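These notes concern the structure reproduced below.
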Amino acid sequence: MSLRLYNTLSAEKELFVPRVPGKIGMYVCGVTVYDFCHVGHARAGIVFDMIYRYLRFSGYDVTYVRNYTDIDDKIINRANNEGCDYRTIADRYIATFDDDMDRLGMLRPTVEPKATDHIDDIIEIISRLIENGHAYTVEGDVYFSVETFADYLKLSKRNLDDMLAGARVDLDERKRNPMDFALWKATKPGEPWWESPWGKGRPGWHIECSAMSMRFLGPSFDIHGGGKDLVFPHHENEIAQSEGANGCQFVKYWLHNGFVNINSEKMSKSLGNFFTIREVLEIFDPETIRFFVLQAHYRSPLDYSDQNLKEAQAGLTRIYEALALLDDALSVDPVSTDTAPSAAELAEKAAGLLPRFKEAMDDDFNTAQGLGILFDSVRTLNRTMAEGAGKSSASRPALEQLKESCVEIGNVLGLFQTKSADWLAAREAEKKERLEIVSDEIEKLITERAEARKNKNFKRSDEIRDYLLTKNIQIIDTAEGTSWKAK
RNA sequence: GGCGACGUAGCCAAGUGGUAAGGCAGAGGUCUGCAAAACCUUUAUUCAGCGGUUCAAAUCCGCUCGUCGCCUCCA
């Protein structure tokens, strides 16, 4: 089985064949750094981090480029509002972006270029576009002439006439076609600027990605990714610029992730219905957020809600509990040679886990199915453990294989990066922080209950248990004694 | 108005021609003094609706209804 992925350009799943065997160039649109990132940005980051990890796991040598767009109208506006330099704003939000991504457990891309470090590259591409007739200058601005590029709109599959009929574009008399877009903008008072052959100005949106991808990956490369909302105009325009300048295919495979929704509506800055990554990290741990994102296919919409995050945490906890069971069993020597009734099934699940996971991932990165397969193994593991497999030398090879496979899967998904016992303890500690009862009192009541149970005073012991339950304390009786945990 | 996507159990969610994964929640059972956890069993004759193609459709085609997205900055 080899990797197949959905290519926005062809609108179908295609067999993935890299341009150079064994090597992959991948460019993903980062963010415009003018504010904190929200959960929608987190999804895009997590999805492409997962893709990056899986491609590497599959044996490819991947060059992963993700840019910062650090010059743009919004950054300038914000700087003006705060009375500071655009650089101050850009640097501040580059730092918060990095921090958010690190906390979410993202691997750093191979290169993270900034648009303003590539002004020369941008100018060079624009010059070429003017030379070969794809662009024209007007009063210090430079526009791309969409009518000169026959393939324009091939990615978003529209046509110019329909787009114009909708007519929400600004009518600028200086443009040859209303759909022409800016490659270079002449400077206005109070704006940062760079020298160019067309006078002082700054790059338009879109051109920086053509410049940076070309610089680090060449004129033609394998994978370009981003959110669905970038298909038009951003990626469409990148194609026009890059193919117009280089005369060769820009990108072989276009990948686009679906949105995060709130009540079925797209989470977005303009609607104001967003939660920032740091807000959500106050409530949920990073892996819960990753798990939540990866439980859906990357192209599907994903509804964000407190309830859905809680369910994700419950699901992830189930896996971590199984991993803890596995860790405990493997940390001590086996004491029997008995074969558990389900031992054969466990061996089969252990051997099949990784191949089945790969098969799911090879089908357009189907992490939802991959996690389903993992849960399937978890159920079998729990059963055999309940049958005593953990103590038996007969089950060791299967348990070890299962453990190794889980580690590999975790490395691909960016999950299970914490020792199972520590992760569970951390969740437990979070719950305890929310309790309205001090542990001294709990301990006192547990002691009293133990006394009552010894005297067969079950009425009193049940009273204590039920009282603690109203305080979200769950009593757990074991052969070793009584413990408790927060619900 | 143009273009496009989606609609699978109480909720979330896989499944693109061969007879409905998985998670959460729920019910019954094993265990327990009673509980909890874990395990076992169970929860969609059915995939928005209606027609059509086919030996066979959640999967393909058409229509209807509903939701959302892009067309303006947006992951």
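If you're wondering where the values come from, they're calculated on a predicted model, not measured in any experiment. In what follows, chains are A, B, ... by sequence order, proteins preceding strands, each numbered from 1.
No salt bridge links A:Glu451 with A:Arg460; every basic N to acidic carboxylate O contact stays at or beyond 4.0 Å. The pair A:Glu191-A:Arg202 meets the salt-bridge criterion, with a side-chain N (NZ, NE, NH1 or NH2) lying under 4.0 Å from an Asp/Glu carboxylate O. Salt bridge annotation for A:Asp99-A:Arg278: present, with a cationic side-chain nitrogen under 4.0 angstrom from a carboxylate oxygen. For the pair A:Lys13 and A:Asp363, the salt-bridge criterion is met [side-chain N within less than 4.0 Å of a carboxylate O]. Ionic pairing of A:Lys432 and A:Glu428 is not present here: no N-O contact between side-chain nitrogen and carboxylate oxygen is shorter than 4.0 angstrom. Ion pair A:Asp49/A:Arg66 not flagged as a salt bridge, since none of the NZ, NE, NH1 or NH2 atoms sits closer than 4.0 Å to an Asp/Glu carboxylate oxygen. Ion pairing between A:Lys444 and A:Glu441 fails under the 4.0 Å rule for side-chain N and carboxylate O.
Stacking of A:Lys269 on the aromatic ring of A:Phe274 is recorded, both the 6.0 Å distance cut-off and the 45° axial limit being met. Cation-pi geometry between A:Arg158 and A:Phe232 is met: the NZ or CZ atom falls under 6.0 Å from the ring centre, inside 45° of the normal.
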If you write RNA chain B from 5' to 3' in dot-bracket form, with Watson-Crick or G-U pairs under 3.5 Å, [ ] for crossing pairs and | for pairs with another strand, what do you get? ((((((((.[[[..)..(...]]].(((((.......))))).....[[[[[..)....]]]]])))))))....

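Comparing B:C70, B:A75, B:C24 against the side chain of A:Met267 picks out B:A75 as the nearest. Side-chain proximity of A:Glu321 to the nucleotides B:A75, B:A38, B:A35 is greatest for B:A38. In the set B:A75, B:C73, B:A35, B:C73 carries the atom at the smallest distance from any side-chain atom of A:Lys74.
One can place CD of A:Glu236 at 12 Å from C1' of B:C71, the figure rounded to the nearest angstrom. In this entry the distance linking CH2 of A:Trp484 with C1' of B:A35 reads 17 Å, nearest Å. In this structure, CD of A:Glu480 is placed 18 Å from P of B:A37, rounded to the nearest angstrom. At whole-Å resolution of the value, CZ in A:Arg427 and P in B:A37 are 19 Å apart. The interatomic distance linking A:Arg318 (CZ) with B:C39 (P) rounds to 5 Å, in whole Å. Atom C1' of nucleotide B:A5 and atom CZ of A:Phe259 are separated by 11 Å, given to the nearest angstrom. In this structure, A:Tyr467 atom OH and B:A35 atom C1' are separated by 19 Å, rounded to whole Å. Regarding A:Lys13, its NZ atom lies at a distance of 16 Å from the P atom of B:U59, rounded to whole Å.
Using a 4.0 Å heavy-atom distance criterion, A:Val31 is classed as a sugar-phosphate-only contact. Here A:Gly30 lies in heavy-atom contact (under 4.0 Å) with sugar-phosphate atoms only. Using a 4.0 Å heavy-atom distance criterion, A:Lys269 is classed as making no nucleic acid contact. Heavy atoms of A:Leu230 sit under 4.0 angstrom from primed sugar atoms or phosphate atoms, though from no base atom. Within the nucleic acid shown, A:Gly40 comes within 4.0 Å of at least one base atom, counting heavy atoms only. When heavy atoms are screened at a 4.0 angstrom cut-off, A:Ser264 is found touching the sugar-phosphate backbone but no base atom. A:Phe48 comes within contact range of no nucleotide atom at all, as no heavy-atom separation falls under 4.0 Å.
B:C12 and B:C50 are spaced 22 Å apart, taking the P atom of each and rounding to whole Å. With both ends at atom C1', the span from B:U46 to B:G15 equals 14 Å, rounded to whole Å. Taking atom C1' on both B:A13 and B:A58, the two are 14 Å apart, rounded to the nearest angstrom. Comparing the C1' positions of B:C39 and B:G49 gives an interatomic distance of 42 Å, to the nearest angstrom. B:A36 and B:A21 have their C1' atoms separated by 29 Å, given to the nearest Å. The same atom, C1', is picked in B:C70 and in B:A9; the two are 32 Å apart, to the nearest Å. Atom name C1', nucleotides B:A20 and B:A57: the rounded distance is 13 Å, in whole Å. Taking the P atom of each, B:U64 and B:U72 are spaced 27 Å apart, rounded to whole Å.
With sequence neighbours excluded, the residues forming a salt bridge (charged side-chain N to carboxylate O under 4.0 Å, His left out) with A:Lys185 are A:Asp73, listed by chain and number. Partners of A:Arg103 under the salt bridge (charged side-chain N to carboxylate O under 4.0 Å, His left out) rule, at least two apart in sequence or in another chain, do not exist in this structure.
Between atom OG1 of residue A:Thr288 and atom CD of residue A:Gln313 there is a gap of 4.0 Å, rounded to the nearest 0.5 Å.
Judged purely by distance below 3.5 Å, without hydrogens or angles, the side chains of A:Asp362 and A:Tyr54 pair a donor atom with an acceptor atom.
Aromatic ring orientation, A:Tyr27 versus A:His224: tilted (interplanar angle from 30° to 60°). The aromatic rings of A:Trp254 and A:His256 sit parallel, their planes meeting at an angle under 30°, below the 60° perpendicular limit. Classified by interplanar angle (parallel below 30°, tilted 30° to 60°, perpendicular above 60°), the ring pair A:Tyr320/A:Phe416 is perpendicular.
Sorted by residue number, the members of residues 373-384 of chain A with any non-hydrogen atom under 4.0 Å from RNA chain B read A:Phe375, A:Arg379, A:Asn382, A:Arg383. Residues of residues 442-459 of chain A having a heavy atom closer than 4.0 Å to RNA chain B, listed by number: A:Arg449, A:Arg453, A:Phe458.
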Step by step, work out the side-chain hydrogen bond (donor to acceptor under 3.5 Å, both in side chains) result for A:Thr32 and A:Asp72. CA-CA 7 Å; A:Thr32 299; A:Asp72 160 273; 4.8 Å; no

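With hydrogens and angles ignored, no donor-acceptor pair closer than 3.5 Å exists between the side chain of A:Asp229 and the base of B:G69.
At the phosphate of B:C68, neither OP1 nor OP2 sits under 4.0 Å from any side-chain N or O atom of A:Lys228.
Comparing A:Gly372 and A:Lys157 by the nucleotide of RNA chain B whose heavy atom lies nearest to each, the residue mapping closer to the 5' end is A:Lys157.
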Extract from the structure each pairing of a protein N or O with an N or O of nucleotides 10-14 of chain B at less than 3.5 Å, listing the distance.
from, atom 1, to, atom 2, distance (Å)
B:A14, OP1, A:His297, N, 2.7
B:A14, OP1, A:Ser300, OG, 3.1
B:A14, O3', A:Asn366, ND2, 2.9
B:A14, O2', A:Gln369, NE2, 3.4

